[in-house]
Structure formats: C-alpha cells, structure tokens
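First the structure, in the form of structure tokens, and then the observations on it.
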Amino acid sequence: MKTKEGFILRKVGAQYVVAATGKASENFNGMMRLNETGAFAFRLMQAGVTEDELVARIVAEYDVDEDTARADVARFLAALGEADALE
C-alpha cells in the first residue's frame, strides 16, 4: 500500500501535517495533522509497504503490542482512505 502522489508531509513547528498538492488537491483540499507515529507511518507508506509490514515496523519502533498497533494502523488507513490519499 502506498500514498498517492501529490500528498506531502511537512513538519511545521512541532506538528506534522500532510497536504495535497497538484492534482491530488482536486479531491482533498484540507490538511491532516499527524503525531510522530503518524508521520513515521506516512513516510513508510510513501515508499510502499504492506499493512503487516507497517504494523511490524510500528511495534519495533514504538514498543507497543501488535493488537494495539494493528488497530491504530486500521484507523490511520481509514483516515487516509477518506482523504483519497491511498493508491
């Protein structure tokens, strides 16, 4: 799974934001605020990872249990899907 081209991640002060640019902004014209974990996941998704790989990397990086990570990833993917940010 991968993020669509045109969605960019930037750090603004202490906050991470994702915004749509170019053609991607025709379907999504807002911004998504992300915490550090969300920014970590978004970067991995820009490179293209499976959901299982994403969960495993979050478990390893943040020392959380797999069930919690899987539930958080599902919510994150749903939010990206609503923004039409997934390929």
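Note that the structure is a prediction, hence the values are computed from the model and not measured.
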Checklist line | Taking every non-hydrogen atom, the tightest pair across Phe7 and Ala83 | finding: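 That closest heavy-atom pairing would be CZ-O, 3.6 Å.
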Next item on the list: Work out which heavy atom in Ala39 is nearest to a heavy atom in Leu9; give both atom names and the distance.
Entry: O-CD2, 3.8 Å
Measure the [atom1]-[atom2] distance between [X] and [Y] for me, rounded to the nearest 0.5 Å.
X: Gln15; Y: Met31; atom1: CD; atom2: CE; value: 8.5 Å
X: Asn29; Y: Thr21; atom1: CG; atom2: OG1; value: 13.0 Å
X: Lys11; Y: Leu34; atom1: NZ; atom2: CG; value: 12.5 Å
X: Phe76; Y: Ile58; atom1: CZ; atom2: CD1; value: 8.0 Å
X: Glu87; Y: Lys2; atom1: CD; atom2: NZ; value: 6.0 Å
X: Glu5; Y: Gln46; atom1: CD; atom2: CD; value: 11.0 Å

Notebook entry, point to check: Hey, does the side chain of Ser25 reach the backbone of Ala20 with a donor-acceptor pair shorter than 3.5 angstrom?
Noted result: no
Check: Are the side chain of Thr50 and the backbone N or O of Glu53 linked by a donor-acceptor pair below 3.5 Å?
Finding: yes
Item checked: Val73 and Glu51: CA distance, side-chain angles, deciding distance, side-chain contact (heavy atoms from CB on, under 4.5 Å) verdict -> CA-CA 8 Å; Val73 165; Glu51 186 172 346; 3.9 Å; yes
Notebook entry, point to check: Does the ring centre of Tyr62 sit less than 6.0 Å away from the ring centre of Phe40?
Noted result: yes
Notebook entry, point to check: With sequence neighbours excluded, what pairs up with Glu66 under the salt bridge (Lys or Arg N to Asp or Glu O under 4.0 Å) test?
Noted result: Arg70
Checklist line | Audit row: Leu80, Met32, side-chain contact (heavy atoms from CB on, under 4.5 Å) steps and yes/no | finding: CA-CA 9 Å; Leu80 291 177; Met32 292 178 274; 3.9 Å; yes
Check: Would a hydrophobic clustering, with Ile, Leu, Val, Met, Phe, Trp and Tyr connected at side-chain separations under 4.5 Å, put Val17 with Phe42?
Finding: no
Margin query: Applying side-chain contact (heavy atoms from CB on, under 4.5 Å) to Arg10 and Val18, what does each step give before you reach the verdict?
Written below: CA-CA 6 Å; Arg10 295 287 186 259; Val18 172; over 6 Å; no
Item checked: Side-chain touch Leu86/Met45, heavy atoms, less than 4.5 angstrom -> yes
Notebook entry, point to check: Less than 4.5 Å apart, any side-chain heavy atom of Val49 and any of Met1?
Noted result: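 Side-chain contact under 4.5 Å: no.
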Item checked: Enclosure of Asn35 CG (heavy-atom neighbours >12, cutoff 6.0 Å) ->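 Atom CG in Asn35 is packed in, count exceeds 12.
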Next item on the list: Assess whether atom CD of Glu36 is packed by more than 12 heavy atoms of other residues, nucleotides or ligands within 6.0 Å.
Entry: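 No - once you tally the heavy atoms of other residues, nucleotides and ligands closer than 6.0 Å, there are 12 at most.
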